[in-house]
Amino acid sequence: MSEGTGIEGLIRSNLVNLNGYSARKSPETLKGELEVPVEGIIKLDANENPYGCSPKVNQALASCPDLNIYPDAGQAEFRELLAGYTGIGAEHIVAGSGSGDLIDLILRLFVEPGDEVIICAPAFSMFRFSTEMYGGRLIEVPRDKDFAIDVSMVRAAISKRTKIILMDNPNNPAGNITPQKDIQAIVDTGLPVVVDEAYVEFAGRTMVPMVSQYKNLMVLRTFSKWAGLAGLRVGYGIFPPKIADYLVRIKLPYNVNVAALVAVRESLKDLDYLMGNVKAIIAERDRLFGELEKIRFLTPFPSQANFILCSVAGGSASELYQRLRRKGILVRYFDTPLLRDYIRISVGKPEHTDALIAALREIEK
Ligand SMILES: *Cc1c(COP(=O)(O)O)cnc(C)c1O
């Protein structure tokens, strides 16, 4: 090592100044910062499932054999199970350690330093994270005031260096849906297009049936939200078989662990229970929306997902976030130019809505 450069002189130049993903704090790390005990925290900041996972998952994991054996790197059982769930052939499916793992793998496959990646901003923050990881340049096409996508603006943003277009549908953080004809118009550009359907079970609309008709359309899904498995890290993508083959070649061999596979197996056996929870969350989302509309300083946006974005009047979103936090209610605040005046609230159980609304009414006074 030459003098004066230090270890930083050896680190990849595009990573030296990377900020990293701003992950939510775990409740146990907040001890001492709040007016309530850690057990009393109401966590509405990461779109997690308030009903947890299927009890069948807990039972099966308690007596899970084979933890000493590596999982199947070829993901054969996983791919068959998900072929059954999605109705598309197993050759289209690749599993990941959360769908975040697949976003990372897709960009690893396509993006060389200097390549451009188009997103419709605001969007899921992992899109930026993985683009920068591979030295790509993020091109942000702004959504309109209702967070809708303008397809002509997306087309206009395409250059010789554009490698891929990433969209989340429903959008995180706004929760709105992009019409299928607009997505199709973007897919018709011929560029690789990723449609992240992390919230599809809450929204009910999917591009999966179209994947077999296109060579460039990819759809991502996750068990984190609808199935309550965020902590076990399991997601998957539906790809043209050629892309699936490449992804399997470049992924870490054992990227989905044995416990996650057990959890997927049991979750898919307990669909009625899990979809019952999804229904309860959808009903609660609609009630929460009505209650938020009544708060003078908030304007909620209609959502097809398990969260609601609100604009906060008077530029006080950060202060609102802090005040709720001191009361033990965690919501998502984004310290970015586009989202500085918004908070995003995950849909919890009815009692979580009640506590949140009571706190907001107190702040309103
Ligand atoms: C929550 C979320 C995911 C899920 O990520 P995992 O890695 O599967 O937990 C993916 N995409 C979007 C848009 C999300 O909001």
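Position 1 is the first residue of the sequence, and the numbers go up from there. Here the structure is a predicted model, which means the values were calculated and not measured. Numbering of ligands and ligand atoms starts at 1, following listing order.
- Under a 4.5 Å side-chain heavy-atom criterion applied to ILVMFWY residues, the cluster that includes Y342 comprises F147, F301, L309, F334, L338, L339 as well.
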Between ligand 1 and the protein, which N/O pairs fall short of 3.5 Å?
unit_1	atom_1	unit_2	atom_2	d
ligand 1	5 (O)	S99	OG	3.4
ligand 1	7 (O)	S99	N	3.2
ligand 1	7 (O)	G100	N	3.0
ligand 1	7 (O)	R233	NH2	2.6
ligand 1	8 (O)	S99	N	2.6
ligand 1	8 (O)	S99	OG	2.9
ligand 1	8 (O)	T222	OG1	2.6
ligand 1	8 (O)	S224	OG	3.4
ligand 1	9 (O)	S224	OG	2.6
ligand 1	9 (O)	R233	NH1	2.9
ligand 1	9 (O)	R233	NH2	3.4
ligand 1	11 (N)	D196	OD1	3.2
ligand 1	11 (N)	D196	OD2	2.5
ligand 1	15 (O)	N172	ND2	2.8
ligand 1	15 (O)	Y199	OH	2.6
ligand 1	15 (O)	K225	NZ	3.4

Start with the C-alpha gap between L360 and E364, add the side-chain angles, then the distance that decides, and say whether side chain to side chain contact (heavy atoms under 4.5 Å, CB included) holds. CA-CA 6 Å; L360 288 170; E364 197 172 32; over 6 Å; no

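- With no hydrogens or angles considered, no side-chain donor-acceptor pair links N47 and R332 at under 3.5 Å.
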Steps toward ring-ring contact (aromatic ring centres under 6.0 Å, His included) verdict (Y246, F239): CA-CA 10 Å; Y246 276 108; F239 303 94; over 10 Å; no

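- If you check the side chains of S346 and E48, you find no donor sitting under 3.5 Å from an acceptor.
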Could you walk me through whether W226 and Y273 pass ring-ring contact (aromatic ring centres under 6.0 Å, His included), step by step? CA-CA 11 Å; W226 72 280; Y273 172 83; over 10 Å; no

